[in-house]
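Hydrogens, waters and symmetry mates are skipped; everything else that's a heavy atom, side chains included, is used. Every chain is numbered from 1 and lettered A, B, ... according to where its sequence line falls, protein lines coming before strand lines.
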2 protein chains.
Amino acid sequence: MQITRQTEYAIKILIELAKSPFGELIPSKLIAEQQDIPGMFLQKTVQLLSRAGLVSTQRGIQGGVRLTVSADKITTADVITAIEGPLALNLCLSPGYSCPNMADCQVRRILGRAQAALLHELQQESIADIVEGKLAK
Amino acid sequence: MQITRQTEYAIKILIELAKSPFGELIPSKLIAEQQDIPGMFLQKTVQLLSRAGLVSTQRGIQGGVRLTVSADKITTADVITAIEGPLALNLCLSPGYSCPNMADCQVRRILGRAQAALLHELQQESIADIVEGKLAK
DNA sequence: ACCAAGAAGACAAACTTAGTCTGAAAAGGA
DNA sequence: TCCTTTTCAGACTAAGTTTGTCTTCTTGGT
């Protein structure tokens, strides 16, 4: 039950972007070096963030990646969702899933509560909080 | 970021055991039928629960599985730990892991908070709660 | 036109998960 | 003691996921 490495990369990418003034274009190669992420894999990750609307990219010389949402509006939950899809602690908690006894399934209910607690916390934490170190314990 | 199917099986096994009087031996074959779990795989799962001290088993004719801890003392967190090992939302949150800049790693800190919130909720929820349906949202 | 970036998708290696198979060991009864 | 029932243990396998790489294409600026 872990986030994937790619999700961790995504968080680091956003942190790196948030260190520069909002909207500034940063070439992905530079991000890769700063955060020690394999170049090609980083690009795929940026694309997921881009499709989620968190960043935008520009091609060509002087191209790169930039935030389209301010860092204090991007939560950890947003990043996880962008990379891994909707948070689901169990298959039966995925949107669109259905099973015969879903209505009165106690396992589903109990895991749903845990998931809600996790999600609530993840939605409190923004990229800006991470960068600014606002999480003193 | 999901619990494994095996963990879900484990929860169901414990629920099934908790339906009978405490300490009663239930043959694993019966549990498999009741909860629709592949027989061999269930046995492996029972073994993990047994090594974690949550159940004990008896071989031979009239053998089976029984709870060794009362259902209201077994939390969802216990089950996940028994099957998957210590809860870790990210590799760097696993016990025994170390990386150079672990002390001031903001990613680690933020995920640590989320993990603590999740763990707290999981530790509130017992198998007895599930069986008795005490979770009416 | 040329070059520096990102876009896209095929591919592959490594790992994890879910499950099976086979044989052994133990408990109890005949 | 022998037989049956049941768990124990480990090897094995098939499928899926993760984490990348490689190659080719497209775009934008100079």
Next on the checklist: For B:G64 and A:I61, find the nucleotide of DNA chain D closest to each by heavy atoms; which residue's nucleotide sits nearer the 5' end?
Outcome noted: B:G64
Checklist entry - What nucleic acid atoms does B:Q43 come within less than 4.0 Å of, heavy atoms only: base, sugar-phosphate, or nothing? => result base
Set out, line by line, the N/O atom pairs under 3.5 Å between protein and nucleotides 22-25 of chain D.
none

Next on the checklist: I want to check one thing: is the phosphate of D:dT7, taken as OP1 and OP2, less than 4.0 Å away from some side-chain N or O of B:S28?
Outcome noted: yes
Item to check | Between C:dA18 (C1') and B:Q2 (CD): distance, integer Å | outcome: 14 Å
Next on the checklist: Given D:dT19, C:dG19, D:dA9, identify the nucleotide with an atom nearest to the side chain of B:R51.
Outcome noted: D:dA9
Item to check | Validation row: A:F22, A:L67 side chains within 4.5 angstrom (heavy atoms) | outcome: yes
Next on the checklist: Any side-chain to backbone donor/acceptor pair from B:E84 onto B:T4? Under 3.5 Å, distance only.
Outcome noted: yes
Next on the checklist: Less than 4.0 angstrom between a side-chain N/O of B:Y9 and OP1 or OP2 of C:dA18, yes or no?
Outcome noted: no
Checklist entry - For A:Q62, does the CD atom have more than 12 heavy-atom neighbours from other residues, nucleotides or ligands under 6.0 Å away? => result no
Item to check | First of A:K29 and B:Q58 reached from the 5' end of DNA chain C, by closest nucleotide | outcome: A:K29
Checklist entry - Roughly how many Å is it from CZ in A:R5 to P in D:dT17, rounded to a whole number? => result 18 Å
Checklist entry - Which whole-number value in Å describes the distance from B:L48 CG to D:dT7 C1'? => result 14 Å
Checklist entry - Ignoring hydrogens and geometry, is there a side-chain-to-backbone donor-acceptor pair from B:T76 to B:E125 under 3.5 Å? => result yes
Next on the checklist: Under 4.0 Å between a side-chain nitrogen and a carboxylate oxygen: does that hold for A:K12 and A:E8?
Outcome noted: yes
Checklist entry - Does OP1 or OP2 of C:dA5 have a side-chain N or O of A:T57 closer than 4.0 Å? => result no
Checklist entry - Starting at CD1 of B:I26 and ending at P of D:dT7, how long is that distance when rounded to a whole Å? => result 11 Å
Checklist outcome for this item: To the nearest angstrom, the CG-C1' distance between B:L91 and D:dT18 comes to 14 Å
Next on the checklist: Between A:G60 and B:Q62, which residue's closest nucleotide on DNA chain C lies nearer the 5′ terminus?
Outcome noted: A:G60
Checklist entry - Is the shortest heavy-atom distance from the side chain of A:L87 to the side chain of A:L93 under 4.5 Å? => result no
Checklist entry - Does the A:T68 side chain pair with the main chain of A:L54, one donor and one acceptor, at a distance under 3.5 Å? => result yes
Item to check | Gap between atoms CD1 and P, on B:I3 and C:dA18 respectively (whole Å) | outcome: 10 Å
Checklist entry - OP1 or OP2 of C:dA8 sitting under 4.0 Å from any side-chain N/O of A:Q47? => result yes
Checklist entry - Could you state the CD1-P distance from B:I83 to C:dT17, rounded to the nearest angstrom? => result 12 Å
Next on the checklist: Could you tell me how far apart B:L25 (CG) and D:dT6 (C1') are, to the nearest whole angstrom?
Outcome noted: 11 Å
